[in-house]
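What follows is a set of notes on a single structure, which appears directly below.
Residues take their numbers from the sequence shown, with the count starting at 1. Here the structure is a predicted model, which is why all the values come from computation and not from measurement.
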Amino acid sequence: DAFAALSGTDGDYTPIGVDSAGRVGLSAGELFLGAMAGRTIIANGTVTRPADTTIYAANDVISAATGVAITFSVARLTSGSTGRSGVIQSAVMADSANETLKLDGDLFLFDTSFTAGNDNAAFVPTDANMLNLLGVITFSGGTARSGLAGTGGNSAYPNALSAGIPFVALTLGDIYGIFVARNAYIPISAEVFTFRLGILQD
């Protein structure tokens, strides 16, 4: 008997969630209909910069030449849905280069996409853009962990986040990032920055 198995009794039992009026529902506690809450995922986003070595100044956008924002698929159950939510709990940036002068950079995260500005152009969001800002994650050259040496090597920039960044993904479960240099930085041609966000989904 299914109800007996749930209630832990055999024969004379009261099904879970049935009140004195005979209405059936789930009692409070760790019971869920459908997908379980609290799933953790890693959301990846990548910037492959142009095939040049033009120096970045502080506050310059680092992007593909078109200036398209980075897309992170962060929310669950996104098929045809909006408004899915969660919390960004950690972040790491992997750099395909290991320059002597390390990059300081900020990843701005928004719930609405907009054109980031071309690579090596100043980051100049409008007031309306900034109203969609979820948070900013800083990757500092002072905390970079070096891998292989030289421009043909690689390096990693961890950021555990002192506080989580909550989000509500408004469009198909995505949020959007724009990467901005915070120091003068000499890149390598076609350098690749890969961002990995640790997400606790609601």
Side-chain angles (χ1 to χ4, degrees), residues 41-50 52 54-95 101-144 157-187 191-202:
I41 67 162
I42 302 296
N44 294 325
T46 300
V47 169
T48 301
R49 58 169 312 280
D52 62 42
T54 305
I55 298 174
Y56 291 95
N59 202 50
D60 279 353
V61 173
I62 300 176
S63 72
T66 56
V68 175
I70 311 161
T71 299
F72 295 92
S73 296
V74 294
R76 68 190 310 180
L77 304 176
T78 60
S79 179
S81 66
T82 60
R84 302 299 181 176
S85 58
V87 179
I88 302 167
Q89 296 188 310
S90 65
V92 65
M93 181 182 76
D95 186 352
L101 174 62
K102 296 295 188 289
L103 174 67
D104 288 336
D106 286 339
L107 179 64
F108 287 76
L109 295 171
F110 299 84
D111 60 22
T112 303
S113 182
F114 68 93
T115 301
N118 289 334
D119 179 71
N120 239 301
F123 180 50
V124 285
T126 66
D127 291 348
N129 294 149
M130 294 304 280
L131 292 177
N132 299 318
L133 181 66
L134 295 168
V136 181
I137 301 174
T138 297
F139 298 97
S140 171
T143 60
Y157 293 69
N159 187 319
L161 298 183
S162 58
I165 300 175
F167 64 84
V168 176
L170 300 180
T171 306
L172 297 178
D174 296 335
I175 61 174
Y176 306 92
I178 297 168
F179 193 40
V180 179
R182 286 304 176 206
N183 64 332
Y185 179 66
I186 305 171
E191 188 169 351
V192 180
F193 300 95
T194 300
F195 303 93
R196 292 171 57 81
L197 306 182
I199 308 292
L200 178 61
Q201 298 173 323
D202 291 343

D111: which residues meet the side chain to side chain donor-acceptor pair (under 3.5 Å) condition with it, sequence neighbours left out?
none
Side-chain heavy-atom pair F114, I178 within 4.5 angstrom cut-off
yes
Minimum heavy-atom separation for G45 to F72, with atom names?
N-CE2, 3.4 Å
Might you point out which heavy atoms bring A169 and V74 nearest each other, and give the distance in Å?
CB-CG2, 4.3 Å
side-chain contact (heavy atoms from CB on, under 4.5 Å) with S140: which residues, sequence neighbours excluded?
D104, T143
Atom CZ of F193 and atom CG of L103: how far apart are they, to the nearest 0.5 Å?
5.5 Å
Closest heavy-atom contact between A181 and A57?
CB-O, 3.9 Å
Which residue pairs pass the side-chain hydrogen bond (donor to acceptor under 3.5 Å, both in side chains) test when at least one of the two sits in residues 61-71, sequence neighbours left out?
none
Closest non-hydrogen atoms of S113 and Y176, given as atom of the first, atom of the second and distance, are N-CD1, 3.4 Å
Looking only at atom types and distance, does a side-chain atom of D106 sit under 3.5 Å from a main-chain N or O of V180, one as donor and one as acceptor?
no
To the nearest 0.5 Å, what is the distance between CD1 on I137 and CZ on F179?
10.5 Å
Side chains of I88 and I175 in contact at under 4.5 Å (non-hydrogen atoms)
yes
Quick check: do F195 and I70 have side-chain heavy atoms less than 4.5 Å from each other?
yes
Nearest 0.5 Å, what's the CD-CG distance between Q89 and L200?
4.5 Å
I'd like to know if the side chain of N59 reaches the main chain of V124, judged simply by a donor and an acceptor atom lying under 3.5 Å from each other, with no hydrogens or angles considered.
no
Classify the ring geometry between F110 and F108 as parallel (under 30°), tilted (30 to 60°) or perpendicular (over 60°).
parallel
Counterpart residues, salt bridge (Lys or Arg N to Asp or Glu O under 4.0 Å), relative to R196 (two or more places apart):
none
Closest heavy-atom pair and its distance - G177, L109:
CA-CD2, 3.9 Å
Apply side-chain contact (heavy atoms from CB on, under 4.5 Å) to I41 and list each qualifying residue two or more places apart in sequence or on a separate chain.
R39, I199, Q201
Residues two or more places apart in sequence or in another chain: which of them pass side-chain contact (heavy atoms from CB on, under 4.5 Å) with A94?
T194
Apply side-chain contact (heavy atoms from CB on, under 4.5 Å) to residues Y56 and N120 and explain how you reach the verdict.
CA-CA 6 Å; Y56 291 95; N120 239 301; 3.5 Å; yes
